[in-house]
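As structure tokens, the structure follows; a few thoughts come after it.
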Amino acid sequence: MQAGPFGHGTLAEVAGALIGRFAENLAAELDVPAPASAAVPAPAPDVAEPVDLIDAAGVGALERLAPAATALAVLLLLALLVRGLRRTDR
């Protein structure tokens with residue numbers, strides 16, 4: 001299994017969320033009116049919230065990872081079961 005195709009959908013989702021956040025912040029900055037006078041101090045700029053990449057990837061990442069995680073858990077349980085049976089046979 002190659003790593004590239006597996007993460008392609010997640011990368012697209014995160015990129016889309018980042019571009020959307022950038023567009024929202026840019027629109028908010030462009031809507032701010034210019035100060036009436038240079039003597040009036042400018043308000044402190046708003047600090048943008050950090051982007052939560054897990055939230056941006058959303059359920060799509062979990063849906064892609066769930067089958068692989070389930071298969072891995074089943075294989076691990078089977079390996080432990082077989083190992084336990086072999087030890088009891090001795």
Side-chain angles (χ1 to χ4, degrees):
M1 178 181 205
Q2 294 179 349
F6 183 72
H8 180 68
T10 302
L11 180 62
E13 291 174 15
V14 170
L18 289 174
I19 290 172
R21 178 71 61 98
F22 172 76
E24 290 171 2
N25 289 340
L26 182 61
E29 284 186 27
L30 293 177
D31 287 341
V32 175
S37 169
V40 177
D46 292 333
V47 177
E49 291 182 31
V51 176
D52 183 7
L53 296 180
I54 300 296
D55 188 37
V59 178
L62 293 177
E63 288 175 350
R64 285 189 294 275
L65 291 176
T70 303
L72 183 63
V74 168
L75 287 175
L76 180 62
L77 288 173
L78 286 174
L80 291 174
L81 180 65
V82 168
R83 184 176 178 197
L85 290 175
R86 285 187 182 173
R87 285 187 177 192
T88 58
D89 288 343
R90 291 182 184 181

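Numbers for residues simply follow the sequence, beginning at 1.
Listed by chain and number, the hydrophobic cluster partners of Val74 are Leu78, where partners are ILVMFWY side chains within reach of under 4.5 Å, directly or through others. Through chains of ILVMFWY side-chain contacts below 4.5 Å, Leu76 is grouped with Leu80.
Listed by chain and number, the residues in a side chain to side chain contact (heavy atoms under 4.5 Å, CB included) with Leu75 amount to none (sequence neighbours excluded).
Glu29 CD to Asp31 CG: the interatomic distance, rounded to the nearest 0.5 Å, is 10.5 Å. Between the CG atom of Leu72 and the CG atom of Leu65 there is a distance of 11.5 Å, given to the nearest 0.5 Å.
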